[in-house]
*Asks:* 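I'd like to ask some things about the structure below.
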Amino acid sequence: MGAMDKGGLSRLRGVDPLRTAMMAKPRGRAVPAIGALLCAAFFALALRLLAAMSGAAAIAAIGTVCVGILLVGAFGAMRDGGAPVAVYLCVGALAMLAVGAHLAMLDIKPGRYTKVLAPMLEEMWNYELVTAMAWEDGAWSGGYLIVMALISRLEAFSALYAIKLFDLLCLSLCACAAGRLAALRGAKMPGQVGAQMACMLAPTVLMNAGCWAQCDAMFAALTLWGLLLALTEHPLSGCALLGVALATKLQSAFVFPLLIVLFMDRKVSLRHLLALSAAALLGQLAILLDGQGIESLIGRYDTQLATARETIGLTDNGAGVFGLMKVASVREFSGLGLYIGIACALLVVLALLRAKRPLTGDALLLGALLLAAGLPLVLPQVNARSLYLAGLLAFAAAGNARRMAAALILELVSLCSYMNAIFSVEIMPIQALSMLAIAAAVLILLELLAALGIGQRGDGLRRSGESASAEVKA
């Protein structure tokens, strides 16, 4: 008996409690408890580091909410993987660092904020809320106007901080949607978490709000979640979100041709498309309430395109076929580019409808990526942010070396365009960027054709040979 006690004590002495705790696999309520502890730690740390800033408690609270959103997405992907506590803590640390990187850029005051946004917010403050939400500046659309009008009502909090923090909230939702979209292509836990963190830490994503005070994450979050819901048998909610996305930014329409495929595949019905239209109108309802009329509401995007045609010409630091042209007439090529874009979108739809294999989530995701990455290359009046949505979708779709190469090329092209637009620094000529962007679109096209089974002659010959052999044996 004494010998057994001594043996048990010796085994206990050899156990490392910390190692045992780190290698344990949390189940049930242990997972949300880990998330809650990580969020509490982030709030305490952020509150201490941001103590000198105005509104430190609010900033830390919003940052904590963003960390929580990321952890919900990441831990959801890890739930069935049997990951140990150490992996949960590493993923949590990544989420905290990603949010911290965005918070570190709050004090950067871009020239766009000083020259454009601050004067606009001051003018909005002088009007009623509905009038501010229906701002007659044609460069802004319903969703953005609503957010800016609400921010203009803030008195004890920095409007610059509010814009960047709202973008951070939307970006966290984008990251979760990217992880869920990666799961549609069969990605395991590392692929889903990797897609989320890539969306949060991509240089262009950091620069979009931090160095430019843009809020593209808003329309991107609505578009990605709308697409995700539509692809996962929630067409009504998905179409409603896509409608709000359309009311926020015209660029969301890049993925709309995919709705034709879903309609023909009986995953989307006419009532869902009507819900999309209704949501798009409701997103800009303030324009009607302000008395501007239905013409102003419907023609808002036409006004934006006309203004762009007069001020920026065929391209505004955006890579594409027009970036290859040194001399081109805006009057002729502007309309031609629109027709080419519609034709290219219909070709993608035709390829999906004529697929030789059943349409999978991976194929539909690649179709959305090709539309988001390819259409800006043939459309006129595109700017440096035209590939923002494509970059997020590329991270979600990056499941092999060729797709990863396409994602990295798109990020490089966007980064160089951002550097030119924000800092007037030309890293690479627009002609070279255009060729790289076209190469990335070609890589995505090849991946889509492979997923659809189009152009694989060898497989067809092999299958016909196998059927012939079976007939001979019979």
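Residue numbers count from 1 along this sequence.
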*Asks:* How long is the span from the CD1 atom in Ile69 to the CE atom in Met200, to the nearest 0.5 Å?
*Replies:*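 Rounded to the nearest 0.5 Å, the CD1-CE separation comes out at 9.0 Å.
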*Asks:* For Glu447, check side chain to side chain donor-acceptor pair (under 3.5 Å) against everything at least two apart and list the hits.
*Replies:*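 Here the qualifying residues are Asn400, Arg402, Arg403.
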*Asks:* Locate the shortest heavy-atom distance separating Leu393 from Ala372; write the atom from each residue and the value.
*Replies:*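 That closest heavy-atom pairing would be CD1-CB, 3.9 Å.
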*Asks:* Side-chain donor-acceptor pairs under 3.5 Å in residues 231-242, sequence neighbours left out?
*Replies:*
unit_1, atom_1, unit_2, atom_2, d
Thr232, OG1, Leu228, O, 2.7
Thr232, OG1, Leu229, O, 3.4
His234, ND1, Thr232, O, 2.8

*Asks:* Using a 3.5 Å distance criterion without hydrogens, assess whether the side chain of Lys188 forms a donor-acceptor pair with backbone atoms of Ala183.
*Replies:*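 Checking the backbone N and O of Ala183 against the side chain of Lys188, no donor-acceptor pair under 3.5 Å is found.
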*Asks:* Check whether any side-chain heavy atom of Leu364 sits under 4.5 Å from a side-chain heavy atom of Leu227, and report yes or no.
*Replies:*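 With C-beta onward as the side chain, the pair stays apart.
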*Asks:* Between atom OG of Ser172 and atom NE2 of His102, what is the distance when rounded to the nearest 0.5 Å?
*Replies:*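 If I round to the nearest 0.5 Å, the distance is 7.5 Å.
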*Asks:* Could you tell me whether the side chain of Arg357 and the main chain of Ala450 form a donor-acceptor pair under 3.5 Å?
*Replies:*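 Yes, Arg357 side chain to Ala450 backbone: donor-acceptor pair under 3.5 Å.
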*Asks:* Would you check if the side chain of Ser417 reaches a backbone N or O of Ala384 as a donor-acceptor pair within less than 3.5 Å?
*Replies:*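 No; zero donor-acceptor contacts below 3.5 Å.
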*Asks:* Are Ile444 and Leu448 side-chain neighbours, meaning at least one heavy-atom pair lies under 4.5 Å?
*Replies:*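 Ile444 does not reach Leu448 side chain to side chain.
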*Asks:* Using a cut-off of 6.0 Å, state whether more than 12 heavy atoms not belonging to Met23 lie near its atom CE.
*Replies:*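 Open.
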*Asks:* If we ignore hydrogens and angles and just use 3.5 Å, is the side chain of Thr204 paired with the main-chain N or O of Leu415 as donor and acceptor?
*Replies:*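 Judged by distance alone, no pair lies under 3.5 Å.
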*Asks:* Kindly determine whether Gln381 and Asp316 satisfy side-chain contact (heavy atoms from CB on, under 4.5 Å), including the steps that lead there.
*Replies:* CA-CA 6 Å; Gln381 285 90 46; Asp316 181 23; over 6 Å; no
*Asks:* So, taking the atom named CG in Leu389 and the one named CZ in Phe254, what distance separates them when rounded to the nearest 0.5 Å?
*Replies:*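 If we round to the nearest 0.5 Å, Leu389:CG and Phe254:CZ are 8.5 Å apart.
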*Asks:* Does any non-hydrogen side-chain atom of Phe75 lie less than 4.5 Å from one of Leu38?
*Replies:*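 Yes, side chains in contact.
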*Asks:* Are the side chains of Leu324 and Ile430 in touch, meaning some heavy atoms are under 4.5 Å apart?
*Replies:*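 With C-beta onward as the side chain, the pair stays apart.
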*Asks:* Ala30: which residues meet the side-chain contact (heavy atoms from CB on, under 4.5 Å) condition with it, sequence neighbours left out?
*Replies:*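 Result, side-chain contact (heavy atoms from CB on, under 4.5 Å) vs Ala30: Pro26.
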*Asks:* Work out which heavy atom in Ala60 is nearest to a heavy atom in Leu47; give both atom names and the distance.
*Replies:*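 So the two residues come closest at CB-N, 4.0 Å.
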*Asks:* Looking at Met264, I'd like to know if its CE atom is crowded, meaning that more than 12 non-hydrogen atoms belonging to other residues, nucleotides or ligands lie closer than 6.0 Å.
*Replies:*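 No, CE of Met264 has 12 or fewer neighbouring heavy atoms, counting only those of other groups under 6.0 Å.
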*Asks:* Tell me if a side-chain donor or acceptor on Ser277 pairs with a main-chain N or O of Leu273 at a distance below 3.5 Å.
*Replies:*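 Looks like yes, one N/O pair under 3.5 Å.
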*Asks:* A side-chain contact here means heavy atoms from C-beta on lying under 4.5 Å apart; do Pro257 and Leu346 qualify?
*Replies:*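 SC-SC contact between Pro257 and Leu346 ruled out.
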*Asks:* Assess whether side-chain contact (heavy atoms from CB on, under 4.5 Å) is satisfied between Val425 and Ile427, documenting all intermediate values.
*Replies:* CA-CA 6 Å; Val425 176; Ile427 305 297; 3.8 Å; yes
*Asks:* So which atom in Ala368 and which in Leu258 form the shortest heavy-atom distance, rounded to 0.1 Å?
*Replies:*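 Taking Ala368 first and Leu258 second, the nearest heavy atoms are CB-CD2, 3.9 Å.
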*Asks:* How close do Gly337 and Leu379 get, heavy atom to heavy atom, and via which atoms?
*Replies:*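 For Gly337 and Leu379, the tightest heavy-atom pair comes out as O-CD2, 3.7 Å.
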*Asks:* Any side-chain heavy atom of Pro110 sitting closer than 4.5 Å to one from Leu160?
*Replies:*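 Result yes, sub-4.5 Å side-chain heavy-atom pair found.
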*Asks:* Is the shortest side-chain heavy-atom distance between Leu165 and Ile59 below 4.5 Å?
*Replies:*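 A side-chain contact under 4.5 Å exists here.
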*Asks:* Would you confirm whether Lys164, through its side chain, and Gly210, through its main-chain N or O, come within 3.5 Å as a donor-acceptor pair?
*Replies:*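 Confirmed, Lys164 side chain pairs with Gly210 backbone.
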*Asks:* Looking at every non-hydrogen atom in both residues, tell me the closest pair between Ala398 and Arg185 and how far apart they are.
*Replies:*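 Closest approach of Ala398 to Arg185, heavy atoms only: O-NH2, 3.2 Å.
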*Asks:* Using side chain to side chain donor-acceptor pair (under 3.5 Å) as the criterion, list what pairs up with His272, not counting sequence neighbours.
*Replies:*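 His272 satisfies side chain to side chain donor-acceptor pair (under 3.5 Å) with Ser269 once adjacent residues are dropped.
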*Asks:* Quick one: list whatever passes side chain to side chain donor-acceptor pair (under 3.5 Å) with Asp265, sequence neighbours left out.
*Replies:*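 With neighbours one apart ignored, the set is empty.
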*Asks:* Let me confirm one number: the CD1-CG distance from Ile438 to Leu433, rounded to the nearest 0.5 Å.
*Replies:*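 The distance works out to 11.0 Å.
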*Asks:* Would Met105 and Cys211 count as a side-chain contact (heavy atoms from CB on, under 4.5 Å) if you check the C-alpha gap in whole Å, the side-chain angles of each, and the deciding distance to 0.1 Å?
*Replies:* CA-CA 8 Å; Met105 304 179 74; Cys211 299; 3.6 Å; yes
*Asks:* Yes or no on side-chain contact (heavy atoms from CB on, under 4.5 Å) for Met404 and Leu408, after CA distance, side-chain angles and deciding distance?
*Replies:* CA-CA 6 Å; Met404 181 63 71; Leu408 293 177; 4.2 Å; yes
*Asks:* Look up atom OG1 in Thr360 and atom CG in Leu452, then write down how far apart they are to the nearest 0.5 Å.
*Replies:*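 The distance works out to 8.0 Å.
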*Asks:* Any donor-acceptor pair under 3.5 Å linking the side chain of Ser414 with the backbone of Glu411?
*Replies:*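 Side chain of Ser414 to backbone of Glu411: no pair is present.
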*Asks:* So, does Tyr144 use its side chain to make a donor-acceptor pair with the main chain of Cys215 at under 3.5 Å?
*Replies:*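 Yes; at least one donor-acceptor contact below 3.5 Å.
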*Asks:* For Ala441, what residues pass the side-chain contact (heavy atoms from CB on, under 4.5 Å) criterion, not counting sequence neighbours?
*Replies:*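 Here the qualifying residues are Leu377.
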*Asks:* Regarding Asn208 and Tyr418, do their side chains bring together a donor and an acceptor under 3.5 Å, going by distance alone?
*Replies:*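 The criterion, which ignores hydrogens and geometry beyond distance, is satisfied for Tyr418 and Asn208.
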*Asks:* Please report the interatomic distance CG(Leu184) to CD(Gln192), rounded to the nearest 0.5 Å.
*Replies:*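 Answer rounded to 0.5 Å: 9.0 Å.
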*Asks:* Has Arg385 got its NZ or CZ under 6.0 Å from the middle of the six-membered ring of Trp212, at an angle within 45 degrees of the ring axis?
*Replies:*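 So Arg385 does make the cation-pi contact.
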*Asks:* Does any non-hydrogen side-chain atom of Met419 lie less than 4.5 Å from one of Glu426?
*Replies:*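 Contact flag for Glu426/Met419 side chains = no.
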*Asks:* At their closest point, which heavy atom of Gln214 faces which heavy atom of Asp167, and how far apart are they?
*Replies:*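 Taking every non-hydrogen atom into account, O-OD1, 3.6 Å.
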